[in-house]
Amino acid sequence: MKATLTDLITKAFERAVKKGELPDISLPPWKIELPKNPRHGDYATNIAMVSASLAKRAPRQIAEEIIANIEDPDGVLDSFEIAGPGFMNFRFKPARWHRIVKDILADGANYGRTDVGAGKKVQVEFVSANPTGPLHVGHGRGALLGDVLASLLEAAGFDTDREYYINDAGNQMATLGASVYARYLELCGREVEFGEKLYQGDYVKELAAGFLEREGERYLDMSEDEAVELLGLAAGKTILDGIRTDLEEFGVTFDRWFSELSLYESGRVTKTLEALEKSGAAYRKDGALWLSTSKYGDEKDRVLVRADGRETYFASDIAYHHDKYERGYQEIVDVWGADHHGYVPRMKAALEATGHDRDSLDILMVQLVSLLRGGEPVSMSTRAGEFVTLEEVVKEVGRDAARFLFLTRSSDTMLDFDLEVAKQRTTDNPVFYVQYANARIFSVLREAKGAGVDTEGADDISLSALTQDAEIDMIKLLYLFPEVVEGAALLREPHRLAYYLQDLAANFHQYYNKHRFLVEDEGLAKARLALVRAISTVIVNGLTLMGVSAPESM
RNA sequence: GCCUCCGUAGCUCAGUGGAUAGAGCACAGGAUUCCUAAUCCUGGUGCCGCAGGUUCGAGUCCUGCCGGGGGCACCA
């Protein structure tokens with residue numbers, strides 16, 4: 001309908017120009033928007049105001065000329081007028097809105113999908129936590145952000161892949177190996193000093209105990225270096241399996257798990273470094289290899305290869321991102337914890353140094369999560385008995401509640417995640433509020449079926465009985481859904497979807513309390529049932545995008 | 001010191017440069033002979049942190065300041 005309006009307005013403007021009533025200017029960007037105030041019609045445009053200075057005419061005067069030239073051959077408009085400082089307000093006839101309901105029912109599970117993405121290849125890389133310990137709630141937030149964003153991008157017509165980057169090379173794996181080895185020696189009765197730099201968590205002890213149980217004391221027979229390496233690899237694998245399981249429990253899966261180690265093994269890191277040095281982007285100084293990131297906006301140059309010959313994490317990260325482009329991705333989204341934001345300028349710089357457009361990479365920073373229980377902070381230190389891992393949180397509050405709550409804040413504000421609130425089945429907890437709306441609809445449909453009313457199909461139902469403001473307003477909100485999906489995808493703001501669904505559910509609950517659906521007037525009943533089915537379609541599609549279930553009864 | 005995020009109702013937070021800034025919670029009262037009361041209705045609240053600037057128009061964009069979180073390694 002926006003498209004219809006755009007067409008009507010543009011043509012009216014052109015006619016006015018042709019007749020000499022308006023100067024022939026190229027229109028600056030103008031908008032059609034939904035006014036907050038219903039008195040301002042269904043849609044409003046600012047075209048007269050934005051073109052005022054170029055046309056050297058008063059906004060209201062321009063608006064008048066456009067209005068005078070509007071033709072509405074299909075008769076879809078109910079009214080239109082000039083208002084305020086130069087807005088033009090438009091109102092569609094109810095019949096035009098009624099058609100939307102049929103469209104939604106016809107589209108079904110596809111309603112909300114658009115093709116703005118035009119099949120463009122996009123990759124969303126998220127979580128990518130080091131396999132040195134279990135996931136915590138902060139990872140959960142990043143996981144949700146990435147997962148739902150990927151779903152939104154798919155719905156918006158992008159060819160989307162989800163990827164997890166495994167940091168299985170370098171220091172941290174060595175530290176993990178050393179940590180497990182130390183605990184292992186302890187369990188074998190050896191005296192060891194457990195260094196501060198080693199991973200302190202109890203899970204390390206459990207890992208060590210596991211190796212002892214399954215493989216006995218064989219690690220005592222080898223050199224420390226060998227044992228540390230083998231244990232590091234094995235422990236990393238075990239932890240990664242756990243991470244994978246936890247994410248699956250949380251409803252998050254990936255198209256690809258990409259190993260950092262594989263970049264080294266295939267020589268892609270070396271190749272990238274050589275290319276950088278050859279192109280002059282990297283240089284040697286003090287025995288190390290540096291990348292001139294400061295040429296591309298970073299505050300100083302960064303080391304790629306240390307003086308002792310070991311590559312930095314940055315080096316493999318460059319190779320990794322270069323590899324993403326070689327795999328054909330046109331747009332890349334990285335979801336990082338906010339504590340890594342200092343890394344952004346050098347990554348962007350590295351992109352340019354390797355010949356890629358810095359704007360083709362979007363780095364989303366996800367702010368911290370504080371875990372609360374009944375308003376009291378839960379210690380995030382790895383202490384026995386505290387609920388700190390993602391697995392435990394999901395187990396306690398349930399997948400749906402956890403997923404929804406992670407999206408109730410924009411990703412760049414801190415999130416308080418209260419375990420008690422997450423479990424409450426009240427309005428405090430938006431997930432049940434939204435699910436309940438859908439359950440109510442199914443209850444109505446069951447009732448209708450029981451009374452022998454047809455609740456299928458749409459083509460032959462007349463919707464002209466939907467004359468209440470509440471009904472037209474509902475339809476307008478439903479019509480907004482594809483735009484919400486598209487906006488959330490393009491702006492990389494999945495929380496918009498969560499807010500929209502709450503708004504939709506609220507409108508439905510109000511409608512439900514104000515009007516009955518199963519009324520004697522069969523035409524009205526059928527029309528309302530069709531509307532209610534369309535509402536359910538949108539709720540289900542929205543929740544599905546969020547990876548949240550939509551039960552038919554609660 | 002530099003970078004970055006945040007600052008909007010008592011609290012938690014929404015708010016693609018548009019018209020009279022919203023929701024939930026909290027507090028008080030009310031609604032079910034009838035489709036699920038996990039719901040709804042009625043009550044009122046704002047120097048949109050402060051000061052400049054851009055604009056026909058600023059909570060939204062720019063600059064500076066104040067306050068809070070996070071980050072500033074040849075760590076990841």
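Below, chains carry the letters A, B, ... as their sequence lines are ordered, and counting in each starts from 1. These numbers come from a predicted model, not from an experiment.
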inquiry  = Are A/Y165 and A/Y320, when compared by the centres of their aromatic rings, separated by less than 6.0 Å?
reply    = yes

ask   = Should the pair A/R496-A/E493 be classified as a salt bridge under the 4.0 Å nitrogen-to-oxygen rule?
value = yes

ask   = Taking the six-membered ring for Trp, are A/F481 and A/Y500 ring centroids under 6.0 Å apart?
value = yes

task = Give me the residues of residues 517-535 of chain A where at least one heavy atom lies under 4.0 Å from an atom of RNA chain B, by number, or none.
result = A/F517, A/L518

inquiry  = Whether A/Q510 contacts B/C41 is assessed here as follows: a side-chain N or O lying under 4.0 Å from the phosphate OP1 or OP2. Is that the case?
reply    = yes

remark   = Where RNA chain B forms runs of at least three Watson-Crick or G-U pairs (i with j, i+1 with j-1, under 3.5 Å), the stems are B:1-7 with B:66-72, B:10-13 with B:22-25, B:27-31 with B:39-43, B:49-53 with B:61-65

Which side-chain N or O atoms in residues 511-520 of chain A pair as donor and acceptor under 3.5 Å with protein atoms at least two apart or in another chain?
unit_1: A/Y511; atom_1: OH; unit_2: A/E471; atom_2: OE2; d: 2.8
unit_1: A/N513; atom_1: ND2; unit_2: A/H509; atom_2: O; d: 2.9

request  = Return the minimal non-hydrogen interatomic distance between A/T45 and A/K31, and the atom names on each side.
outcome  = OG1-O, 2.9 Å

task = Please work out if A/A52 contacts a base, only the sugar-phosphate, or nothing of the nucleic acid, heavy-atom cut-off 4.0 Å.
result = nothing

request  = Classify every nucleotide of nucleotides 9-17 of chain B by which part a protein heavy atom approaches to under 4.0 Å, writing B for the base, S for the sugar-phosphate alone and - for neither, in 5'-to-3' order.
outcome  = ---SSSSB-

inquiry  = I'd like to know if A/K324 pairs up with A/E163 as an ion pair, taking the criterion as any Lys NZ or Arg NE/NH1/NH2 lying under 4.0 Å from an Asp or Glu carboxylate oxygen.
reply    = no

message = Can you see if the side chain of A/Y436 gets near the phosphate of B/A38 - specifically, an N or O under 4.0 Å from OP1 or OP2?
response = yes

message = Before you tell me yes or no, could you show the steps for A/D42 and A/R91 under salt bridge (Lys or Arg N to Asp or Glu O under 4.0 Å), namely the whole-Å CA-CA distance, both residues' side-chain angles and the distance that decides it to 0.1 Å?
response = CA-CA 5 Å; A/D42 297 336; A/R91 235 169 240 95; 5.4 Å; no

key: Aromatic ring of A/H340 stacked on base six-ring of B/A76, 5.5 Å, 30°   = yes

ask   = Do A/F406 and A/F417 have ring centres separated by under 6.0 Å?
value = yes

Please write out the pairs of protein N or O atoms and N or O atoms of nucleotides 29-31 of chain B separated by less than 3.5 Å, giving the distance to one decimal.
none

Contacts of type salt bridge (Lys or Arg N to Asp or Glu O under 4.0 Å), residue A/R57, not counting sequence neighbours = none

task = Name the nucleic acid region contacted by A/H509, choosing base, sugar-phosphate or nothing; use a 4.0 angstrom heavy-atom cut-off, strictly under.
result = sugar-phosphate

query = When you check the phosphate oxygens OP1 and OP2 of B/C3, does a side-chain N or O of A/Y343 lie under 4.0 Å from one of them?
reply = no

